[in-house]
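Naming convention: chains lettered A, B, ... in sequence-line order (proteins, then strands); numbering from 1 in each chain.
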Amino acid sequence: YKRLKGFNVLHPMGYDSFGLPAEQYAIQTGQHPAITTEKNIARYREQMDKIGFSFDWEREVRTSDPSYYKWTQWIFIQLFNSWYNNKCDKAEKMETLIAEFEKNGNANVNAVCDEEVKNFSAADWKNFSEKERSDMLMHYRLAYLGEAIVNWCPQLGTVLANEEVKDGVSERGGYPVERRSMPQWSLRITAYAERLLTGLEDIDWSEAIKEQQRNWIGRSYGCSIRFKSLGGKSPEHDIEVFTTRPDTLFGVSYLTLAPEHPLVEKITPPTHRDEVNAYVAYAKNRSERERMADVKKVTGVFTGHFVIHPFTKEKIQVWIGDYVLAGYGTGAVMAVPAHDERDHTFARHFGLPLKQVIELPEGWNLEKASYDEKKGKVINSDFLDGLEVEKAIEICISKIEENNFGKGKVNYRLRDAIFGRQRYWGEPIPVYYENGIPKTMEEKDLPLELPKIDKFLPTETGEPPLARAQDWKYKGKYEYEKTTMPGWAGSSWYYLRYMDPHNDTAFAGKEALEYWKDVDLYIGGAEHATGHLLYVRFWTKFLKDLGYISIEEPARKLINQGMIQGRSNFVYRVAPLFVWGANSPEEKAVLPAIFVTKSIRDQIAHGALDEKISNEIHSTGISLFKKLNPGKEFLKFETIIHCNDLHVDVSLVNNDILDIDKYKKWSQDIVEPTFYNEPSGEYICGWEVEKMSKSKFNVVSPDDICNEYGADCLRLYEMFLGPLEQSKPWNTNGITGVYNFLKKLWKLYEPFTSPLERSSPANAGPGEAAPSKQELKILHKTIKKVQDDIDRFSFNTSVSNFMICVNELTDLKCNKRAILEPLTIVIAPYAPHIAEELWEKLGHKESITYAQWPALKEEYLVESAFNYPVSFNGKTRFFHEFDLSLSKEDIEKEVLALEDTRKYLEGKSPKKIIVVPGRIVNIVV
RNA sequence: GCCUGGGUGGUGGAACUGGUAGACACGCAGGACUUAAAAUCCUGUGACUCUAAAAAGUCGUACGGGUUCAAGUCCCGUCCCGGGUACCA
């Protein structure tokens, strides 16, 4: 902590390991439902006191480091003022785009967004109002304000990340969560999709991470196809689909739109309107409920609208189905039930026709399953007949383009990244509003620090906490943006700030940037694969485009350390109760807070719940709900009996038995929970071994081990547990082995640690004798192995090698300075505290950190002979020592002359003799 | 389903480019010291067969094949486990 502070860079992520102090602070002063506990606050303070670090607590929390905030905000402004130029595939300053508008008014040049912007003349541009211009430019900015669908939790007053939502309710507290479209600041990472993908080829990252990023970006090549409406409606009613299989165009039997598709309203004829509206309303709420009930139901509705097949001119039905995602491609698909599994399911369910257009393998039954393989000959398809699928795709696209029905296109799964958070902590977004137009602050006014507020909760009207700030206005009159940046903003560039942390005039100076360039080795968790590790690449490419840095990728090599796993405990909560009101048909979901045992949970999961228990849960749910809403009448109650596995803090659990009183204090359930206990009267929690993490409440503090064995022992033990990249469950079974090793190590230094016969060069004691050849060999063997281990990041074997070394030196009773001094240096990176201590005992005034790594002298390692294993047909039979200077032929001759050899040959003559010098002798009989 | 990493003693793991499988530890068993316990130290410890013992032999790196003088390591197929991801058209 001190060291970081010395660099004057303190990132919110840096706080994280101390237990989210910002949230702790919030708890201490306000009532924000944060994740942490009083105990952690106390511990954090204690830690800070221990290292003698005092600071302005309140200010630290508000702005961990103003200068760092400043440059994060500065980068945001650069993103806001930049757009993406498809022509040269890079970011450019906004002025160039504006100049282009002013010159020829054509907004369609290099549109980075999917939204079509209408053509207008240069004169029109000049006549646009400021607001109109602002809206227009928003479509191009790399940081933009746009509508985004988010998980909104009204009770908590915040947007939740997907992983914070479980089965339609918030993981903490179980409050309902709705999907809502809200204006959100977003970053146009999609503009960099292609470069983020191709850039992976040049970096030394694990294949798993690269593949995860590739899947996340999800590049697919296909084409868009426009279907004209039947009956000559305006081109605005054309439906555009995206497909990767244009070769199956002649197999289309209907089109499907996502329920949220903007055209739904326009194309539906009055005859079908009611039905369609009802379905769209149903679909909105469906996904969450479906997930709860865990049933994959096929749903959809016919719109009553028809389109025309671009080639055959056939009439094609248009349907709405919620298996089509609004957010991907065009939000509409051409359905080819014969060759797409999802279309097949849908078509079967609604009795829509199948049209085969690809030759099937022998014995394939199209009625049962679609044939999705991208292999085979195209049939029944006019000009595509007889072609192989791949060729057909190519030809079909060119034909479509020729006829102007659509065009070849690359689509990405990657979405833009939502950048605003309805929270207090985090860098404020440096934006203010003038007449409703968002504008960025001037650089000289940065940093924008977080204002003081009285509470960390959202306002009564649902605005973020920053809306509570009094008189918080830019230049005294303009409202600031009220959301703050997410944690990944600062973490996307902190490596650059480390290069030049005190720079006041730039995020980092040119000279420093040129000197340090990229990160040589980045060690981090694999869980950041599609988050931080993608964003940091994005920001790096962006800053390079603007010419601020010269590197294209942030980190050359990436190693994912394995996660230490912990044993988590679970409670099983029954999913919400649905209530239909007496006066309005509105549906409501509430959480009854009923907890069932593992065995009941399993029954539910297998759909085999005992009817008696099911009824009991139902009535318990109703009575809990009535208690919450006294005197109200309801039409109908329905309990969706489905279980959420909820993590419960391991400190509330003893031997898997839940302390129910402690649980009630700890949880945030709205109603008094009801527990279905085991026959023994206890509630037994479930358990699982998984990643150790705050959010899983299974963190075991290392403090106890530090107190008992010391920090070095903990550190060595963690390394000794296994390879760096491997995940391993935390258990302390083997720690005594490491502890014994450290004690043995200390004993070797007796002449220097014992006050009686303290040795020093001036006063030649027992430690000052000259080392023997054997001792030097042990030392240099260790140096060599440890150097190799460090190169391979194989720290677990280093610890073994130290153990071997210390065991051997102990056997020789070697406690000579000439051996121990270099050994101390080599061990220092692994056990820094004990090494520092021993270094001092050896009489050094300066820290061991500054000592020179001992030079490896190979001459001590040279062997003159080797004890060869002699094997017959690959089976080792005996050993014999040969001089290493002997040639293959000499060894061959000598081996054959051996008594043992004759014994194992059993009179047969050897067919062949293989001699690998220094390794093995193998005789083939 | 797809992608990805793995499967070695009772346990964590070692064996780098094919060349003595099980290093180093934990655990366990026996012993020394001790009134006793803890701590410490010593010895043994993959399975099986044979033997009074020593010695010797057979099997053995998830399973089934293959390449090779030689396979934990390379190739083909199968099974299992962990991680990621999922109506992405």
Check your understanding: Is a side-chain donor-acceptor pair under 3.5 Å present for Y412(A) with T190(A)?
Key -> no
Practice item. Tell me what F720(A) touches on the nucleic acid: a base, only sugar-phosphate, or nothing, going by heavy atoms under 4.0 Å. Key: base
Check your understanding: Under 3.5 Å, is there a donor-acceptor pair linking the side chains of Y535(A) and T530(A)?
Key -> no
Review point. With sugar-phosphate meaning primed atoms plus P, OP1 and OP2, does R219(A) contact a base, only sugar-phosphate, or nothing at under 4.0 Å between heavy atoms?
Key: nothing
Review point. Going by distance alone, is a donor N or O of one side chain under 3.5 Å from an acceptor N or O of the other, for S887(A) and D890(A)?
Key: yes
Point to revise | Rounded distance in Å between the C1' positions of A62(B) and C3(B) | key: 22 Å
Review point. With respect to the phosphate group of A25(B), does any side-chain polar atom (N or O) of T736(A) fall under 4.0 Å of OP1 or OP2?
Key: no
Review point. Are K781(A) and E808(A) close enough for a salt bridge, meaning some N to O gap below 4.0 Å?
Key: yes
Check your understanding: Can you tell me how far P in G44(B) sits from the matching atom in U35(B), rounded to whole Å?
Key -> 28 Å
Practice item. Please measure how far the C1' atom in G12(B) lies from the corresponding atom in G77(B), and state the result in whole Å. Key: 32 Å
Check your understanding: Any ion pair linking K784(A) and E858(A) (charged N to carboxylate O, less than 4.0 Å)?
Key -> yes
Review point. Of all heavy-atom pairs between S206(A) and N560(A), which one has the smallest distance, and what is that distance?
Key: OG-OD1, 3.3 Å
Check your understanding: Would you say Y279(A)'s side chain and T299(A)'s backbone share a donor-acceptor pair under 3.5 angstrom?
Key -> yes
Point to revise | side chain to side chain donor-acceptor pair (under 3.5 Å) contacts in which one or both residues fall within residues 242-259 of chain A, not counting sequence neighbours | key: R245(A)-D247(A), T256(A)-Y323(A)
**Study point:** Whole-Å C1' distance, A21(B) and A71(B)
**Key:** 11 Å
Review point. Say you pick atom P in C42(B) and the same atom in C33(B); how far apart are they, in whole Å?
Key: 16 Å
Exercise for review: Could I get the full list of ring pair (Phe, Tyr, Trp, His ring centres under 6.0 Å) partners for Y739(A), not counting sequence neighbours?
Suggested key: Y709(A)
Point to revise | Any donor-acceptor N/O pair, H339(A) side chain to Y371(A) backbone, under 3.5 Å | key: yes
Check your understanding: Would G9(B) be called syn or anti, given that syn covers angles within 90° of 0?
Key -> syn
Exercise for review: Measure from the side-chain heavy atoms of D340(A) and tell me the nearest of A89(B), G19(B), G57(B).
Suggested key: A89(B)
Exercise for review: Could you tell me whether the phosphate oxygens of G6(B), OP1 or OP2, come under 4.0 Å of any side-chain nitrogen or oxygen in Q726(A)?
Suggested key: no
Practice item. Tell me which nucleotide among U20(B), C87(B), G13(B) gets nearest to the side chain of P723(A). Key: G13(B)
**Study point:** Residues that Q561(A) engages under side-chain contact (heavy atoms from CB on, under 4.5 Å), provided they are two or more places apart
**Key:** I523(A), L724(A)
Point to revise | Listed nucleotide nearest any side-chain atom of W216(A), set C69(B), U85(B), U17(B) | key: U85(B)
Protein-nucleic acid N or O pairs under 3.5 Å, nucleotides 41-43 of chain B:
none

Check your understanding: What is the distance from CG of L197(A) to C1' of C88(B), rounded to the nearest Å?
Key -> 15 Å
Exercise for review: Tell me what V324(A) touches on the nucleic acid: a base, only sugar-phosphate, or nothing, going by heavy atoms under 4.0 Å.
Suggested key: base
Review point. How would you label the contact of F741(A) with the nucleic acid (heavy atoms, under 4.0 Å): base, sugar-phosphate, or nothing?
Key: nothing
Revision key, fill the gap. Taken in chain and number order and not counting sequence neighbours, the residues that satisfy side-chain hydrogen bond (donor to acceptor under 3.5 Å, both in side chains) with D789(A) are R792(A), T797(A), S798(A), N801(A)
Review point. V333(A) or D788(A): which one's nearest nucleotide on RNA chain B is closer to the 5' end?
Key: D788(A)
Exercise for review: Give, ordered by number, those residues of residues 799-809 of chain A having at least one heavy-atom distance below 4.0 Å to an atom of RNA chain B; if nothing qualifies, reply none.
Suggested key: S800(A), M803(A), I804(A), N807(A)
Review point. For I217(A) and C2(B), what is the distance between atoms CD1 and P respectively, to the nearest whole Å?
Key: 22 Å
Point to revise | Whole-Å distance separating the CD1 atom of I891(A) from the C1' atom of G19(B) | key: 14 Å
Exercise for review: With C1' as the reference atom in both, quote the distance from G9(B) to G5(B) in angstrom, rounded to an integer.
Suggested key: 23 Å
Practice item. Tell me, please, which residues at least two apart from N740(A) pass side-chain contact (heavy atoms from CB on, under 4.5 Å). Key: K743(A)
Revision key, fill the gap. Judged by nearest nucleotide, the residue sitting upstream toward the 5' end of RNA chain B, F242(A) or E211(A), is E211(A)
Practice item. Measure the distance from CD1 on I239(A) to P on A89(B) and round it to the nearest whole Å. Key: 20 Å
Exercise for review: Go through the structure and list residues passing side-chain contact (heavy atoms from CB on, under 4.5 Å) with Q726(A), not counting sequence neighbours.
Suggested key: P723(A)
Point to revise | Distance in angstrom units between N796(A) CG and G22(B) P, rounded | key: 18 Å
Check your understanding: Think R919(A) has a side-chain N or O under 4.0 angstrom from the OP1 or OP2 of C16(B)?
Key -> no
Exercise for review: For T330(A) and E240(A), indicate whether the former's side chain and the latter's backbone hold a donor-acceptor pair under 3.5 Å.
Suggested key: yes
Review point. Does a side-chain N or O from R413(A) land closer than 4.0 Å to OP1 or OP2 of A89(B), or not?
Key: no
Check your understanding: Rounding to the closest angstrom, what is the interatomic distance between G6(B) and G10(B) at atom P?
Key -> 23 Å
Exercise for review: Would you kindly give the NE2-to-C1' distance between H344(A) and A89(B), to the nearest whole Å?
Suggested key: 16 Å
Atom pairs and distances, side-chain donor-acceptor, residues 916-925 of chain A, under 3.5 Å, sequence neighbours left out:
| residue | atom | partner | partner atom | Å |
| --- | --- | --- | --- | --- |
| N922(A) | OD1 | S871(A) | OG | 3.1 |
| N922(A) | OD1 | G874(A) | N | 3.1 |

Check your understanding: At under 4.0 Å between heavy atoms, what does R792(A) touch on the DNA or RNA strands: base, sugar-phosphate, or nothing?
Key -> sugar-phosphate
Under 3.5 Å, which N/O atoms of the protein pair with N/O atoms of nucleotides 81-84 of chain B?
| residue | atom | partner | partner atom | Å |
| --- | --- | --- | --- | --- |
| G84(B) | O2' | Q212(A) | OE1 | 3.2 |

Exercise for review: Provide, to the nearest angstrom, the distance between the CZ atom belonging to F878(A) and the P atom belonging to A56(B).
Suggested key: 13 Å
Study note, to complete from the structure: E881(A) meets the side-chain contact (heavy atoms from CB on, under 4.5 Å) criterion, sequence neighbours left out, with A865(A), N867(A)
Revision key, fill the gap. F872(A) CZ to U58(B) P, in whole Å, measures 13 Å
Review point. What is the nucleic acid contact for L325(A), judged by heavy atoms within less than 4.0 Å: base, sugar-phosphate only, or nothing?
Key: base
Revision key, fill the gap. Symbol by symbol from the 5' end, with Watson-Crick or G-U pairs under 3.5 Å, [ ] crossing and | another strand, RNA chain B is (((((((..(((......[....)))((((((.......))))))((((......))))..(((((..]....))))))))))))....
Check your understanding: How far, in whole Å, is U43(B) from C48(B) if one measures between their C1' atoms?
Key -> 23 Å
